[in-house]
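Below is one structure, written out as structure tokens; the observations come after it.
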Number of protein chains: 2
Amino acid sequence: MVRAGLSPERLTLAGAELADEAGFDQVTLSALARRFDVKVASLYSHLKNSQELKTRIALLALEELADQVAHAVAGRAGKDALMAFANAYRDYARAHPGRYEAARFRLDPQTAAASAGVRHAQMTRAILRGYNLTEPDQTHAVRMLGSVFHGYANLEAAGGFSHTDVASQESWVWTLDSLDAALRNRATP
Amino acid sequence: MVRAGLSPERLTLAGAELADEAGFDQVTLSALARRFDVKVASLYSHLKNSQELKTRIALLALEELADQVAHAVAGRAGKDALMAFANAYRDYARAHPGRYEAARFRLDPQTAAASAGVRHAQMTRAILRGYNLTEPDQTHAVRMLGSVFHGYANLEAAGGFSHTDVASQESWVWTLDSLDAALRNRATP
DNA sequence: GCGTCTACCTAAACCCTGTAGGCAAATCGA
DNA sequence: TCGATTTGCCTACAGGGTTTAGGTAGACGC
């Protein structure tokens with residue numbers, strides 16, 4: 001009996017790949033076991049249950065996404081930073097639909113607090129520094145931007161923007177231009 | 001043997017209630033059968049499969065949501081109409097989280113084309129009439145608004161706005177004000 | 001080389017989906 | 001009103017996912 005060399009990390013990564021290929025809801029311990037040519041029960045030596053697998057994939061996705069955003073934003077400010085942030089976000093959602101879905105997985109408060117989700121919030125606030133917003137406007141802006149980015153990625157992934165022949169890319173740029181204008185409009189002089 | 005008096009409509013309604021109570025992903029034929037005190041197999045006389053149940057709940061939710069939005073928007077124009085539209089949308093998502101989730105259920109193209117989703121698109125365009133946008137700006141704006149509304153409802157439902165003490169309601173109004181300003185800015189003179 | 005640990009196994013219980021076939025209530029036609 | 005037909009709900013069963021209990025053999029420390 002040759003051992004498969006499983007580990008929580010390998011399982012998480014394989015689960016993330018499976019999510020991108022087939023959708024996050026198709027990520028099951030059974031499917032993962034098949035992928036490693038191993039019996040399902042064997043996975044329980046590495047993961048408490050399927051909930052833990054999903055949580056780990058969510059954390060991985062949040063981490064990756066935060067890394068990409070941080071990299072994209074580095075050295076930029078103002079509208080430039082806003083665009084880079086937004087594009088990194090959308091690009092990740094398009095390149096890794098399953099992982100992106102996973103990143104929206106409902107985490108329990110403790111796990112969420114210890115996750116890269118915190119970095120997301122910090123980076124969003126950092127972007128807004130260029131717009132000179134005071135509290136509570138900054139919080140409002142964080143929520144608005146989060147809503148747009150997430151909403152757009154979601155609707156795009158659901159195929160909602162493929163009915164008309166207006167390119168999604170153009171709408172995206174238009175939306176970001178509008179947001180930039182709206183934020184500049186809110187700046188305290 | 002007393003008959004339970006099932007029908008696709010009753011099952012759909014009960015499914016929608018179950019969704020609001022426990023989440024759309026908890027809507028299963030088994031749970032529904034329990035609720036009616038009936039064996040699972042009996043449901044297959046009324047529904048082709050669980051996919052059909054979910055589709056029907058989605059269509060119901062889209063219909064209800066479109067009705068509420070239409071009612072809210074009637075007789076209003078400009079910013080007034082935008083606010084009414086947005087509030088109707090958010091209120092529905094808060095009052096019926098499960099149904100709202102169902103409304104985002106991926107429908108096959110034909111079903112989607114015959115659904116109330118079409119009315120949603122029409123109403124969004126109607127709102128924008130007050131802003132004097134020409135194509136393709138109108139399409140861009142439809143997408144932006146859809147993203148914000150959906151994104152906000154989603155993040156709010158996920159509890160994403162409960163960490164700071166800034167009230168979600170205030171951020172919502174702020175966001176709508178910003179969108180209104182952005183759209184007015186885009187108007188062709 | 002021996003003992004321990006642990007990675008993976010078999011077996012089995014439980015839940016959800018879906019199909020096949022049966023019986024009895026409802027309904028309809030004469 | 002009664003027989004025939006339809007149909008609503010049933011039992012039985014197969015298939016797949018989750019999870020636990022307990023066993024065996026490979027890996028590793030001494």
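By convention in this document, chain letters (A, B, ...) are assigned in the order of the sequence lines, proteins followed by strands, and residues within each chain are numbered from 1.
With rounding to whole Å, B:L32 atom CG is found 16 Å from C:dC15 atom C1'. Spacing between atom NZ of A:K54 and atom C1' of D:dG17 amounts to 10 Å, rounded to whole angstrom units. Taking atom CG on B:L6 and atom P on C:dA26, their separation rounds to 14 Å, with Å as the unit. Distance A:L29 CG to C:dC8 P: 14 Å, rounded to the nearest Å. Atom CG in A:N49 sits roughly 5 Å away from atom P in D:dT19 (whole-Å rounding).
Ring centers of B:Y100 and B:F105: at least 6.0 Å apart, outside the cut-off.
No path of Ile, Leu, Val, Met, Phe, Trp and Tyr side chains, each step under 4.5 Å between heavy atoms, connects A:L60 with A:L32, placing them in separate hydrophobic clusters.
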Listed pairs under 3.5 Å, donor-acceptor, residues 110-121 of chain B side chains, sequence neighbours left out:
{"from": "B:T111", "atom 1": "OG1", "to": "B:D108", "atom 2": "OD1", "distance (Å)": "2.6"}
{"from": "B:T111", "atom 1": "OG1", "to": "B:D108", "atom 2": "OD2", "distance (Å)": "3.1"}
{"from": "B:S115", "atom 1": "OG", "to": "B:A112", "atom 2": "O", "distance (Å)": "2.7"}
{"from": "B:S115", "atom 1": "OG", "to": "B:G117", "atom 2": "N", "distance (Å)": "3.0"}
{"from": "B:R119", "atom 1": "NH1", "to": "B:E63", "atom 2": "OE2", "distance (Å)": "3.2"}
{"from": "B:R119", "atom 1": "NH1", "to": "B:D67", "atom 2": "OD1", "distance (Å)": "3.2"}
{"from": "B:R119", "atom 1": "NH2", "to": "B:D67", "atom 2": "OD1", "distance (Å)": "2.8"}
{"from": "B:H120", "atom 1": "NE2", "to": "B:L62", "atom 2": "O", "distance (Å)": "3.1"}

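Tested against B:K79 for a side chain to side chain contact (heavy atoms under 4.5 Å, CB included), the candidates B:L176, B:L183, B:D177, B:L179 yield a single pass: B:D177.
For B:S30, a side-chain nitrogen or oxygen approaches OP1 or OP2 of C:dT17 to under 4.0 Å.
Near DNA chain C, defined here as any heavy-atom distance below 4.0 Å, the residues from residues 34-48 of chain B are B:R34, B:A41, B:Y44, listed numerically.
Salt bridge absent: A:R143 and B:E156 never bring a charged side-chain N and a carboxylate O closer than 4.0 Å.
Atoms CG and CZ, on B:L133 and B:R184 in that order, are 12.0 Å from each other to the nearest 0.5 Å.
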